[in-house]
Amino acid sequence: AGKRLASEPIALMIIDHAGDVFSRYGFPTLRGQASLIAHVAVESDWFTTLEEDLNYSDSRLMQVWPNRFPK
């Protein structure tokens with residue numbers, strides 16, 4: 001399987017807002033900024049989606065979000 005490419009609109013949105021997000025949420029160092037971008041990349045399937053798929057089993061939903069899905 002080939003690598004997925006970032007969606008141009010998502011990439012541009014991240015670029016447009018990165019400076020504000022970094023300063024607002026306390027990411028002053030390059031290392032911290034790179035860490036945040038890497039985390040966002042993983043969570044957004046390499047900048048291709050902005051929605052959580054919620055493809056979890058019932059038991060996993062209760063583990064991950066116990067306040068939202070109580071037993």
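Val21 and Phe47 fall within a single hydrophobic cluster, where Ile, Leu, Val, Met, Phe, Trp and Tyr are joined by side-chain heavy atoms under 4.5 Å apart, directly or via other members. Note: the hydrophobic cluster containing Trp46 does not contain Leu12 (ILVMFWY, side chain heavy atoms under 4.5 Å, direct or indirect links). Linking ILVMFWY residues whenever their side-chain heavy atoms come closer than 4.5 Å, directly or via other members, places Met13 and Tyr25 in the same cluster. Put simply, Phe27 and Val40 are part of the same group of oily side chains (I, L, V, M, F, W, Y) that touch within less than 4.5 Å, one to the next. Hydrophobic clustering (ILVMFWY, side-chain heavy atoms < 4.5 Å, transitive): Ile10 and Ile37 are in one cluster.
Interatomic distance, OG of Ser7 versus CG of Asp45, reported as 11.5 Å (0.5 Å rounding). Taking CZ of Phe22 as the reference point, atom NE2 of His17 lies at 12.5 Å (rounded to 0.5 Å).
The closest donor-acceptor contact from the side chain of Ser23 to the backbone of Gly19 lies under 3.5 Å.
Between Phe69 and Leu61, the closest heavy-atom pair is CD1-O, 3.9 Å.
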